[in-house]
Chemist: 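Quick one: the structure is below, questions incoming.
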Amino acid sequence: MEAAAASLSGSNIFHRNYRFSRSIIRSRYIASGSRYFSNSDLNTQNHSVFKGPNLSNVQIQKRNLRLQTNCALGVCTFPENVMESHHSHVVEEKLGVLLLNLGGPETLNDVQPFLYNLFADPDIIRLPRLLRFLQRPLAKLISVLRAPKSKEGYAAIGGGSPLRKITDEQADALRMALEAKNVRANVYVGMRYWFPFTEEAIEQIKRDRITKLVVLPLYPQFSISTTGSSIRVLQHIFKGDAYLSRLPVSVILSWYQRQGYINSMADLIEKELGKFAKPEEVMIFFSAHGVPVSYVEEAGDPYKDQMEECIYLIMQELKARGIGNDHTLAYQSRVGPVQWLKPYTDEVLVEIGQKGVKSLLAVPISFVSEHIETLEEIDMEYKHLALESGIKNWGRVPALGCNSLFISDLADAVVEALPLAKALSASTENDEEAEYDPLRYLVKMFFGSILAFLLLLTPRVLLAFRNSLF
């Protein structure tokens with residue numbers, strides 16, 4: 001498993017009123033940003049934007065989120081400090097682009113520590129504050145129990161993930177595409193859960209004395225569990241660093257609505273449809289990585305709405321080309337006993353097979369690189385299930401990879417973001433740290449330990465937990 005459990009045009013996840021320019025989904029986003037980022041993280045006068053740990057919903061609701069940003073052209077930029085960057089008029093401008101991705105184990109021996117890094121992320125397993133001290137022990141337990149099954153999956157695709165290799169290739173392709181647009185920039189790769197980690201990329205950015213940075217997560221749609229988690233890492237890295245806090249930065253939060261991306265996806269779908277004997281009879285089956293329902297309904301994650309709009313835009317482009325095939329969306333890769341976004345990919349495959357659909361084209365919509373969830377989960381598990389369910393003709397759209405139109409559009413997004421980069425303000429201690437109460441912490445630890453112990457002794461919980469891991 002390489003993805004979490006996975007900028008907007010006229011939108012901004014950091015703004016208290018989470019508004020989108022597209023009326024098709026406007027009503028779903030109000031105040032969702034304020035549920036994830038706190039004023040202590042994003043206060044424009046006293047704090048670095050990249051700062052501090054994730055806060056609980058209760059804490060965030062008590063605080064007033066203020067941040068004025070420029071989000072035109074799908075880019076989130078940060079307010080400029082009254083102090084200019086110490087190197088802005090001294091050193092020749094050096095541009096940098098940081099590509100963010102999840103990473104994946106490159107050998108079978110890497111699988112268990114990779115899984116530990118994944119499940120130790122509080123944006124993947126979101127424990128109540130009272131139980132957060134269990135995050136790492138729980139991650140260790142899950143990673144050990146899941147490792148054997150995950151190793152089988154990676155063994156089936158060659159013994160490791162190709163994600164690092166593909167992302168490096170995308171970085172090289174993006175650098176060349178920028179050069180073709182007369183923009184010279186260093187392009188870095190930072191992975192969330194495996195090498196090269198984001199921390200390593202940031203250290204190299206500092207060594208190279210980059211003077212302006214564009215952060216580009218390789219996730220078309222924003223989710224707390226993907227882009228949000230990576231941004232939280234950057235918050236921690238930038239905290240207290242004088243150089244980084246003054247570095248002008250633009251973050252492209254999501255780019256699913258860009259025309260170059262939409263056209264690239266439509267091109268791939270059109271090409272694969274042409275391989276069927278009767279293209280007009282093929283159902284287009286979009287399979288996206290899922291997230292827990294609580295992320296959307298409680299934490300305000302915009303992922304579901306962005307995914308639905310993304311598919312709407314792709315289908316509109318296909319219709320403009322005279323392609324009017326039926327289509328559907330489902331979510332894959334759920335983990336654990338909690339409810340995830342529905343419908344589930346495996347269940348929908350069985351249903352459409354029973355309804356008489358004979359030709360299916362699978363489209364991995366939330367992935368731009370081949371990895372275990374496309375190569376093993378879709379190409380092997382779901383294909384086998386589809387054929388067993390009565391589907392006779394199976395096809396699959398490849399991930400975009402280094403598709404020239406796609407890479408060129410990413411380069412355009414970077415070019416558009418560069419002029420909007422602003423220096424970050426110097427970081428200070430956040431409210432959560434300032435309000436730290438040792439006695440309250442010890443009380444929570446004590447009662448939390450008792451609660452955790454009682455829960456783990458409950459047979460029903462043990463059974464549910466065991467079933468969720470295998």
Chemist: For Phe197, does its backbone N or O pair with a side-chain atom of Glu200 as donor and acceptor, under 3.5 Å?
Modeler: yes
Chemist: Any idea which heavy atoms bring Tyr344 and Ala330 closest together, and the distance?
Modeler: C-CB, 3.9 Å
Chemist: Taking Asp301 for the side chain and Tyr303 for the main chain, is one N or O donor matched with an acceptor at less than 3.5 Å?
Modeler: yes
Chemist: So which of Val249, Val251, Leu244, Leu98 actually passes side-chain contact (heavy atoms from CB on, under 4.5 Å) with Leu234?
Modeler: Leu98
Chemist: If we only count heavy atoms from C-beta on, is the Pro162 to Leu375 side-chain gap below 4.5 Å?
Modeler: yes
Chemist: Applying salt bridge (Lys or Arg N to Asp or Glu O under 4.0 Å) to Arg192 and Asp121, what does each step give before you reach the verdict?
Modeler: CA-CA 9 Å; Arg192 181 66 180 89; Asp121 182 358; 3.4 Å; yes
Chemist: Taking all non-hydrogen atoms of both residues into account, name the closest pair between Pro122 and Arg232 and its distance.
Modeler: CD-NH2, 3.2 Å
Chemist: Which value, rounded to the nearest 0.5 Å, describes the distance between Asn117 atom CG and Asp110 atom CG?
Modeler: 10.5 Å
Chemist: With side chains defined as the heavy atoms from C-beta onward, is the minimum distance between Leu108 and Tyr154 less than 4.5 Å?
Modeler: yes
Chemist: Got Val338 and Ser294 here, is their nearest side-chain heavy-atom distance under 4.5 Å?
Modeler: no
Chemist: Do Ile365 and Met265 have side chains that get closer than 4.5 Å, going by heavy atoms?
Modeler: yes
Chemist: May I have the step-by-step check of side-chain contact (heavy atoms from CB on, under 4.5 Å) for Tyr219 and Ser230, ending in yes or no?
Modeler: CA-CA 11 Å; Tyr219 315 111; Ser230 294; 4.2 Å; yes
Chemist: Between His289 and Phe367, what is the ring plane arrangement, given parallel below 30°, perpendicular above 60°, and tilted in between?
Modeler: perpendicular
Chemist: At what distance, to the nearest 0.5 angstrom, does CG of Leu360 lie from NZ of Lys383?
Modeler: 12.0 Å
Chemist: For Thr374 and Glu370, indicate whether the former's side chain and the latter's backbone hold a donor-acceptor pair under 3.5 Å.
Modeler: no
Chemist: Given Lys206 and Asp241, is the side-chain contact (heavy atoms from CB on, under 4.5 Å) satisfied, shown in steps?
Modeler: CA-CA 10 Å; Lys206 291 179 64 176; Asp241 189 296; 2.6 Å; yes
Chemist: So do Gln354 and Ser389 actually touch side chain to side chain, heavy atoms under 4.5 Å?
Modeler: no
Chemist: Under 6.0 Å between ring centres: does that hold for Tyr116 and Phe114?
Modeler: no
Chemist: Could you grab the distance from atom CG of Leu213 to atom CD1 of Ile202, nearest 0.5 Å is fine?
Modeler: 6.5 Å
Chemist: Calculate, to the nearest 0.5 Å, the distance between atoms CG and CD belonging to Leu385 and Glu377 respectively.
Modeler: 11.0 Å
Chemist: For the side chain of Arg246 and the backbone of Ala242, is there at least one donor-acceptor N/O pair under 3.5 Å apart?
Modeler: yes
Chemist: Mind checking whether Ile237 and Thr198 have side chains closer than 4.5 Å, heavy atoms only?
Modeler: yes
Chemist: Measure the CD1-CG distance between Ile311 and Leu329 for me, rounded to the nearest 0.5 Å.
Modeler: 4.0 Å
Chemist: Determine yes or no for a side-chain-to-main-chain donor-acceptor pair under 3.5 angstrom, with Glu106 supplying the side chain and Trp194 the backbone.
Modeler: no
Chemist: Please evaluate residues Leu100 and Met191 with respect to the criterion side-chain contact (heavy atoms from CB on, under 4.5 Å), reporting the C-alpha separation (whole Å), side-chain torsions for both, the decisive distance (0.1 Å), and the verdict.
Modeler: CA-CA 6 Å; Leu100 299 176; Met191 299 294 191; over 6 Å; no
Chemist: Any idea which heavy atoms bring Val291 and Ser225 closest together, and the distance?
Modeler: CG1-OG, 3.7 Å
Chemist: Closer than 4.0 angstrom, basic N to acidic O: yes or no for Glu272 and Arg396?
Modeler: no
Chemist: Please answer whether the main-chain N or O of Asp346 pairs with a side-chain N or O of Gln332 as donor and acceptor at a distance below 3.5 Å.
Modeler: no
Chemist: A side-chain contact here means heavy atoms from C-beta on lying under 4.5 Å apart; do Ile142 and Leu115 qualify?
Modeler: no
Chemist: Testing the basics here: between Leu268 and Pro398, what is the closest heavy-atom pair and its distance to 0.1 Å?
Modeler: CD1-O, 3.5 Å
Chemist: Where the side chain of Ser229 meets the backbone of Thr226, is there a donor-acceptor pair that is under 3.5 Å apart?
Modeler: no
Chemist: How long is the straight-line distance from OH of Tyr261 back to CG of Leu400, given to the nearest 0.5 Å?
Modeler: 6.5 Å
Chemist: Could you tell me if Gln112 and Ser143 have a donor-acceptor pair between their side chains, going purely by distance under 3.5 Å?
Modeler: yes
Chemist: Looking only at non-hydrogen atoms, find the nearest pair between Ile157 and Glu376 and report the distance.
Modeler: CG2-CB, 3.7 Å
Chemist: Would you sort out whether Gln204 and Tyr188 count as a side chain to side chain donor-acceptor pair (under 3.5 Å), showing the intermediate values?
Modeler: CA-CA 8 Å; Gln204 187 61 51; Tyr188 306 88; 5.7 Å; no
Chemist: Are any non-hydrogen side-chain atoms of Leu410 and Leu216 less than 4.5 angstrom apart?
Modeler: yes
Chemist: Is the backbone of Gly401 close enough, under 3.5 Å, to the side chain of Gln170 for a donor and an acceptor to pair up by distance?
Modeler: yes
Chemist: Over 60° means perpendicular and under 30° means parallel, so classify the ring planes of Phe406 and Trp255, tilted if in between.
Modeler: tilted
Chemist: Backbone N or O of Ile124 within a donor-acceptor pair of the Tyr295 side chain at under 3.5 Å?
Modeler: yes
Chemist: Between Ser161 and Gly104 (side chain of the first, backbone of the second, donor and acceptor by atom type, cut-off under 3.5 Å), is there such a pair?
Modeler: no
Chemist: Taking all non-hydrogen atoms of both residues into account, name the closest pair between Arg164 and Pro196 and its distance.
Modeler: NE-CD, 3.5 Å
